[in-house]
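Report on one structure; see the data block that follows.
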Amino acid sequence: AGRAYVAKTGYRFDDFKAYLYRTDDFGATWTAISATLPAEPINVVLEDHKNSDLLFVGNDTGVFVSIDRGARWVKMNNNIPNIAIHDLVVHPRENDLVLGSYGRGLWITNIGALQELSPAVLAKDAHLFNIKPAVQRVTWVFGANDYLFGQRHLSTPNEPNGMVIRYYLKTAGSGRATVVISDASGQEVAKLQG
């Protein structure tokens, strides 16, 4: 209840350091948490709604993530170009991080595995993250009227069929990891190479 974050910027005075502070006692004391962030003004900071140790920062070069409440930051751009991020939100149902950039659109990525990360998970030799439920889609057959809406009807593609399986290995093995999928009775239905 007493936690808050504040970011200050001095870029109008040619001071490009990252200034980010956290309080856990309603503002009585403040802790600097920007030590490993690059020297760029911070535009937005977000604490995850499921894991209070998981923080995101948007600055003028992208998005950064911390899994230890700001002690260490890592750039999380993946396929995002070096652009200014001005807004961050986590979708409460899908656990998708939605990034609002300056002039380059929206970017969306699932952070379900990051929400599960903890010192206990990182101490394990291997960990299988929760798998988002998936359904098999039956596509329309010839003669269905799913394309008779005209050109002014907004139609967005569905997510691809399948499911994402995420796992963590403390140390990389010499070969590829094998993921075995079994049904409720224990019968093997698939074997995948990681």
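Here the structure is a predicted model, which is why all the values come from computation and not from measurement.
Counting only heavy atoms from C-beta outward, the side chains of Pro119 and Leu122 never approach each other to under 4.5 Å. A heavy-atom distance below 4.5 Å is not found between the side chains of Gln187 and Ser182. Residues Trp107 and Asn79 have side chains in contact (heavy-atom distance under 4.5 Å, counting atoms from C-beta outward). A heavy-atom distance below 4.5 Å is found between the side chains of Phe129 and His127. Looking at Leu88 and Leu99, their side chains come closer than 4.5 Å, going by heavy atoms from C-beta outward.
Each of Ile42, Val57, Leu46, Ile33 was compared with Tyr5 under the side-chain contact (heavy atoms from CB on, under 4.5 Å) criterion, and only Ile33 meets it.
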Evaluate the criterion side-chain contact (heavy atoms from CB on, under 4.5 Å) for residue pair Glu47 and Ser52; output intermediate values, then yes/no.
-> CA-CA 6 Å; Glu47 179 183 276; Ser52 61; 4.0 Å; yes
Going through the distances and angles, do Ile181 and Glu188 end up as a side-chain contact (heavy atoms from CB on, under 4.5 Å)?
-> CA-CA 6 Å; Ile181 300 174; Glu188 181 180 308; over 6 Å; no
Derivation and outcome, side-chain contact (heavy atoms from CB on, under 4.5 Å), residues Phe64 and Val74 | CA-CA 5 Å; Phe64 292 79; Val74 176; over 6 Å; no
Going through the distances and angles, do Asp53 and Asp68 end up as a side-chain contact (heavy atoms from CB on, under 4.5 Å)?
-> CA-CA 5 Å; Asp53 291 337; Asp68 51 14; 5.9 Å; no
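Aromatic ring orientation, Tyr19 versus Tyr21: parallel (interplanar angle below 30°, classes split at 30° and 60°).
A donor-acceptor pair shorter than 3.5 Å can be found between the side chains of Asn110 and Asp96. Looking at Lys75 and Asn82, their side chains do bring a donor and an acceptor atom within 3.5 Å of each other. A side-chain donor-acceptor contact under 3.5 Å links Gln115 and Asp48.
Residues meeting the side chain to side chain donor-acceptor pair (under 3.5 Å) test with Asp24, sequence neighbours left out: Arg3, Arg22. For the salt bridge (Lys or Arg N to Asp or Glu O under 4.0 Å) test, no residue two or more places apart in sequence or in another chain qualifies with Lys17.
The environment of NZ in Lys132 is crowded: more than 12 heavy-atom neighbours from other residues, nucleotides or ligands sit within 6.0 Å.
Cluster note: Phe16 groups with Tyr11 through ILVMFWY side-chain heavy atoms spaced under 4.5 Å, whether in direct contact or through intervening members.
With rounding to the nearest 0.5 angstrom, the CG atom of Leu114 is 9.0 Å from the CG atom of Asn51.
Salt bridge absent: Arg166 and Glu116 never bring a charged side-chain N and a carboxylate O closer than 4.0 Å.
Checking side-chain atoms of Ser66 against main-chain N and O of Trp73 turns up no donor-acceptor pair under 3.5 Å.
Residues Ile111 and Val121 fall within the same hydrophobic cluster, defined by Ile, Leu, Val, Met, Phe, Trp and Tyr side chains chained together at heavy-atom separations under 4.5 Å.
Annotation for Asp87 and Val44: closest pair N-CG1, 4.0 Å, computed over non-hydrogen atoms.
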